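Everything on this sheet refers to the single structure shown next.
Chain identifiers are assigned alphabetically (A, B, ...) following the order of the sequence lines, protein sequences preceding nucleic acid strands; residue numbering begins at 1 within each chain. Just so it is clear, the structure is predicted and the values come from calculations on it, not from any experiment.
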Amino acid sequence: MPAAPDLLLPAEPRQHAIARDLYALVADRPLISPHGHVDPAVLADDAPFPDPARLLIVPDHYLTRMLLSQGVPPADLGVPSRDGSPVEADGRRIWRRFAEHWRLFRGTPSRLWLEQTLRDVFGVTVPLSPATADHVYDEIAARLAEPAFRPRALFERFNIEVLATTESPLSDLGHHAKLAADGWGGPGGRVITTFRPDNVVDFEFDGWPQNVARLGEVAGTDTGSYAGFLDALRRRRAAFIAAGATSSDHGHPTARTVALDAAEATRLYDRALRGAAGPADAETFRAHMLVEFARMSLDDGLVMQLHPGAVRNHNRWLHARHGRDTGGDVPQATEYVHALAPLLDAYGNDPRLRLVVYTLDEYTFSRELAPLAGGYPALYLGAPWWFLDSPEALRRFRESVTDSAGFYNTAGFVDDTRAFCSIPVRHDVARRVDAGFLARLVAQDRLPLDEAAETIVDLAYHLPRKVFRLDREVRS
Amino acid sequence: MPAAPDLLLPAEPRQHAIARDLYALVADRPLISPHGHVDPAVLADDAPFPDPARLLIVPDHYLTRMLLSQGVPPADLGVPSRDGSPVEADGRRIWRRFAEHWRLFRGTPSRLWLEQTLRDVFGVTVPLSPATADHVYDEIAARLAEPAFRPRALFERFNIEVLATTESPLSDLGHHAKLAADGWGGPGGRVITTFRPDNVVDFEFDGWPQNVARLGEVAGTDTGSYAGFLDALRRRRAAFIAAGATSSDHGHPTARTVALDAAEATRLYDRALRGAAGPADAETFRAHMLVEFARMSLDDGLVMQLHPGAVRNHNRWLHARHGRDTGGDVPQATEYVHALAPLLDAYGNDPRLRLVVYTLDEYTFSRELAPLAGGYPALYLGAPWWFLDSPEALRRFRESVTDSAGFYNTAGFVDDTRAFCSIPVRHDVARRVDAGFLARLVAQDRLPLDEAAETIVDLAYHLPRKVFRLDREVRS
Amino acid sequence: MPAAPDLLLPAEPRQHAIARDLYALVADRPLISPHGHVDPAVLADDAPFPDPARLLIVPDHYLTRMLLSQGVPPADLGVPSRDGSPVEADGRRIWRRFAEHWRLFRGTPSRLWLEQTLRDVFGVTVPLSPATADHVYDEIAARLAEPAFRPRALFERFNIEVLATTESPLSDLGHHAKLAADGWGGPGGRVITTFRPDNVVDFEFDGWPQNVARLGEVAGTDTGSYAGFLDALRRRRAAFIAAGATSSDHGHPTARTVALDAAEATRLYDRALRGAAGPADAETFRAHMLVEFARMSLDDGLVMQLHPGAVRNHNRWLHARHGRDTGGDVPQATEYVHALAPLLDAYGNDPRLRLVVYTLDEYTFSRELAPLAGGYPALYLGAPWWFLDSPEALRRFRESVTDSAGFYNTAGFVDDTRAFCSIPVRHDVARRVDAGFLARLVAQDRLPLDEAAETIVDLAYHLPRKVFRLDREVRS
């Protein structure tokens with residue numbers, strides 16, 4: 001159990017006591033991480049982590065965007081430039097610069113995550129501040145040199161039962177092959193993959209024509225036709241399943257779905273191959289492919305995840321200088337009721353389909369997402385994500401969706417992170433928030449303590465295993 | 001007063017004590033139920049209720065949709081099929097199946113409602129669980145056989161002062177005539193009706209042409225012309241008023257209003273009679289009829305209620321198998337500011353009009369609904385409804401609308417239910433939530449206790465009587 | 001420190017104690033009022049205020065719209081009519097009428113503001129009620145006759161460090177010249193102005209052609225061309241800066257921005273001069289001018305404020321009878337992510353620009369505003385405003401934006417009021433709410449007390465001074 005026993009629990013004594021008891025039931029449960037972006041090479045190679053700044057700051061766009069918002073350019077924090085122009089290379093100077101702006105993170109989840117990571121993972125007891133920056137840096141650096149801080153050792157210490165990474169269909173899944181060979185990966189393994197086909201589905205993705213050509217090579221089919229394209233996707237799904245995948249993931253600007261017939265889909269695909277597809281074509285094809293992937297899921301059992309609503313590269317200056325995934329994305333209003341109707345109409349009542357829907361737009365919780373999840377067998381609500389992955393938003397999620405969806409149409413916590421060392425604290429935060437929410441129900445005589453106890457264990461452990469089909473017997 | 005004294009009250013001791021005192025002021029007040037869907041035959045005939053499952057589960061789409069969302073088909077719960085194909089007929093088996101899934105309702109209002117109903121209405125002290133299902137079933141069944149559990153006896157025990165049912169203009173209001181003859185109905189009576197004309201106003205309603213023809217017959221006018229249609233509606237409103245109605249109710253997909261001139265309205269109506277009206281025509285005509293009904297209200301005094309924002313039959317599979325009102329509806333984003341402008345521009349400042357507006361979209365509370373209600377004499381805010389009728393949403397309603405609308409531009413609680421036995425607990429929940437909200441104002445020195453006390457009685461009793469014109473002297 | 005020590009602080013004892021300590025750190029700090037609508041004549045002339053009703057009720061549209069919503073016509077409260085038809089002229093009768101409806105304000109910020117103003121500013125200890133109306137009126141009237149209740153004396157007593165009024169470019173800034181001459185105004189002075197050009201930028205503004213002609217006269221340029229129009233605006237900005245302005249303010253129906261080239265802008269402007277511009281032209285030109293003003297800010301350093309989202313004169317009856325700004329405005333849904341993109345793309349990463357964005361639509365807090373402010377150097381979040389300026393909305397603001405924007409991308413409290421006597425209580429409410437929010441973070445072990453203490457002082461004092469460039473050395 002982490003060292004801050006009262007962190008995030010309700011302040012009011014009676015609820016605090018109940019929440020603490022509930023939290024104790026899950027504090028030491030294994031972590032189920034069915035969706036995230038840890039680089040599989042980290043666990044396949046099990047090499048020591050780099051210096052503290054390169055591990056904890058440079059790749060964390062939550063941190064670099066906040067400093068950018070106060071005028072600190074990402075280059076000063078070591079974020080690589082697209083054109084190779086020099087950026088800060090000294091880890092210690094990056095760390096000092098970051099520590100100087102530590103106050104910016106007061107009240108943010110980043111603060112919680114980093115603070116607990118320093119203390120619980122690295123045993124740093126001195127609070128971070130400009131004055132302590134060097135000391136903290138040295139302590140972390142010393143730890144990182146120890147064998148106990150290699151990725152696999154941390155994985156064991158973190159008590160992770162299963163971790164899913166995310167790969168594109170173009171990946172040869174080599175790291176996962178290595179993991180499987182080492183007894184860490186493959187179906188039912190500790191590290192599995194997830195099928196994320198955005199780069200071949202989205203005509204607007206950088207290098208789409210090259211991507212579909214490469215897809216054909218990797219799959220051993222001709223993607224010069226729509227039928228061949230579908231065939232290639234089916235083959236890659238099979239390869240991903242062989243590498244342990246139990247789910248696919250789809251990151252789209254909207255939640256739109258549409259069921260085209262094969263002739264219409266073929267026309268769009270051919271138009272894109274000719275370079276003649278416009279933005280509306282791209283949106284329609286993305287929407288159609290969601291229905292197509294749902295159909296494939298009926299056959300191969302992959303759980304679908306849909307992450308809609310991000311406007312990618314909104315900060316164009318940032319994208320031009322530092323590329324994708326460096327903090328320049330922003331959410332937009334996301335509509336689900338009409339957008340998902342075609343997919344739900346086709347397969348929403350089919351018990352073979354499982355669709356986990358996420359949102360960056362909390363202003364759909366009670367109006368759209370909870371009523372849909374509480375009315376369709378196929379639909380589950382994913383955890384608050386990205387800009388919503390915070391104690392406040394996790395609380396609002398439970399307060400807003402439980403009425404119509406209950407607890408059992410939600411999918412459990414998903415850390416969705418590439419920051420490996422932050423995985424424990426992220427799950428811990430979710431467990432604490434759920435403990436607080438359930439404690440209020442108990443304190444207000446809305447739920448008996450024994451049922452709250454069963455519920456929190458379900459939310460932390462059994463539910464994500466079930467929803468993401470991680471509890472299945474693996475055929476050997 | 002119900003048996004769970006602390007249910008839903010704030011956990012913090014000081015606010016709890018204040019809330020308990022405030023709640024005590026309204027716990028035993030008569031119930032005002034100005035809008036709902038109880039079948040008037042229940043009270044007109046006063047026949048014993050059917051078995052527990054048929055009374056409490058089969059017709060409750062909150063319950064059957066939640067089980068559907070976890071893969072239990074409505075047919076297995078006895079929900080009648082449209083094509084007459086067999087569904088589960090054994091009440092006890094339905095009840096057991098439901099009890100097996102009772103955990104799904106943790107944290108939901110359905111759980112609260114059913115739990116309190118079992119205890120307070122039927123005196124069941126054993127908690128519901130798969131193990132106790134038969135015992136609970138038998139207890140309820142035994143109670144239902146007693147005369148004290150006939151509808152009128154329960155009505156007395158529930159301390160309902162007035163209950164409004166909802167009928168279409170095609171209804172002959174026969175049950176209400178029976179109630180009036182028995183001294184239960186008619187103007188100023190205990191059971192009154194509400195004028196709900198959707199099935200003759202909405203070109204897209206199943207059987208619209210037959211409905212308007214039938215409207216002409218019931219009203220004794222020729223609805224072959226728009227003028228005759230309006231005349232028929234006016235006559236039916238008069239008949240409804242004679243059966244005790246003090247309000248009309250309008251369930252529309254949007255809140256749109258528009259003021260057509262008679263020639264334009266005539267053109268649309270004639271087009272619909274010819275079967276040539278499209279969806280846009282239907283939307284325009286619905287929008288126009290809201291303004292037309294507002295005009296009629298100036299003359300006959302019916303309070304208008306507007307329930308916008310439901311996408312009906314979103315789950316098409318469910319609709320195809322089991323028909324309307326079985327849990328397949330979902331809310332959609334609802335715009336009020338521009339939508340209501342034509343109606344408000346025409347009559348929003350007229351003291352003769354009273355328009356109670358509801359929402360399924362809480363993300364309009366502070367932005368649209370409260371500022372409108374706090375700025376137009378005619379406008380009142382209806383209680384959180386359907387997917388929002390829960391302790392959490394009732395609390396958010398007060399927290400979000402009181403700033404701009406105060407308490408006195410809200411219309412009091414409305415149960416809006418067809419589940420007769422749940423009426424007491426639904427009102428009780430609203431009273432407890434209001435007690436908690438007011439207790440916070442008192443504890444934070446924002447409102448003196450005596451004013452909070454006056455307010456909670458107003459909210460529970462005086463305000464709904466006034467807003468729905470239930471406090472008027474009835475002309476004999 | 002005001003007389004109600006516990007007002008608005010959390011009721012739970014532990015958080016209450018922390019909040020009280022935090023609040024004590026800022027209770028007596030000078031007030032920074034970087035945006036508002038106090039008439040500069042009030043402070044320039046320093047004449048005694050009129051009677052209590054004319055001071056506190058007649059000009060306060062929060063009060064008159066609430067009474068209108070319950071059927072009290074504004075004319076009965078002395079609100080001037082446009083056509084000069086008689087309205088209530090007797091201050092005492094207006095005050096009595098208002099007091100009769102005092103209950104309508106239970107739970108509203110208006111109640112808090114007026115109650116604290118009566119007690120803390122005027123020393124009235126008797127609670128307002130219909131029975132005490134005359135007594136309260138007489139007490140206030142007696143105070144208003146005393147020299148200590150002249151505007152400048154109150155300004156000193158209120159401990160206002162700086163107050164910005166708001167003027168149009170057509171203003172000759174005469175009152176500010178008087179204030180400067182008296183040692184109260186000018187750059188770095190206690191009373192400064194703000195540049196608000198809506199009436200010359202918005203083709204749909206009443207009298208736009210006359211306004212731009214007059215702009216030319218005031219600026220000494222020919223506004224018959226777009227280039228001359230821009231030149232006039234630049235000159236007036238310089239004049240405003242000379243009168244102490246550090247910011248501009250822009251009240252638009254939407255947040256839309258667009259970067260036209262000079263030829264396109266010229267075409268629109270010329271079309272408007274010819275009287276041929278339509279609503280879409282007006283919207284495009286407003287959107288373009290925001291980018292143009294951002295460009296000017298790079299040169300002259302004025303901080304931009306954007307107040308989007310009000311539908312002006314929604315209550316057309318009220319506007320027809322009593323004119324603008326009498327309570328007939330209503331918010332509408334406001335989109336920021338795509339709307340601000342052109343401006344942010346042009347200058348959002350430029351450290352010279354500072355753009356403070358407000359909202360009437362809280363359902364953008366976590367989805368749009370906080371992610372944008374947390375990702376662009378130029379962007380700051382303005383305080384909850386108008387319909388959102390309440391304890392509940394201020395709390396929700398912190399709960400919703402801190403995750404992605406932290407505290408330091410918010411701009412501090414802005415009272416935005418024309419009600420001079422309410423300025424202290426408005427700031428006091430914001431400080432108390434921030435104390436409560438920070439106390440929860442401390443009580444939940446999310447922030448150490450010393451950092452919370454530094455934060456609350458920053459929010460109340462240092463941050464608004466910095467964001468609005470009120471902390472700069474003034475060149476003499």
[X] portion near chain B, given a 4.5 angstrom heavy-atom threshold:
X        : value
A:Phe365 : both
A:Arg440 : side chain
A:Glu399 : both
A:Ser400 : both
A:Ala452 : neither
A:Ala373 : backbone

Test item: [X] side-chain N/O and [Y] main-chain N/O as donor-acceptor pair under 3.5 Å:
X        : Y        : value
B:His314 : A:Val337 : yes
A:Tyr363 : B:Glu362 : no
A:Gln444 : B:Leu9   : yes
A:Asn349 : B:Leu318 : no

Using a strict cut-off of less than 4.0 Å between a Lys/Arg side-chain nitrogen and an Asp/Glu carboxylate oxygen, indicate whether [X] and [Y] qualify as a salt bridge.
X        : Y        : value
B:Arg111 : A:Glu451 : yes
B:Arg106 : A:Glu454 : yes
B:Glu115 : A:Arg446 : no

Is the shortest side-chain heavy-atom distance between B:Arg396 and A:Ser366 below 4.5 Å? yes
Answer yes or no: is there a side-chain heavy-atom contact under 4.5 Å between B:Thr108 and A:Asp403? no
Contacting region of [X] [heavy-atom separation from chain A under 4.5 Å]:
X        : value
B:Pro127 : neither
B:Leu104 : both
B:Leu388 : side chain
B:Leu360 : backbone

Polar side chain donor-acceptor pair, B:Ser69 to A:Asn409, under 3.5 angstrom: yes
Least distance between heavy atoms, A:Ser404 atom then B:Phe387 atom: OG-CD2, 3.4 Å
Shortest non-hydrogen contact between A:Gln15 and B:Ala11, atoms and distance: NE2-CB, 3.1 Å
Could you check which of B:Arg395, B:Gln70, B:Gln332, B:His61 has the highest count of heavy-atom pairs closer than 4.5 Å to chain A? B:Gln70
Tell me if the centroids of the rings in B:His101 and A:Tyr408 come within less than 6.0 Å of each other. no
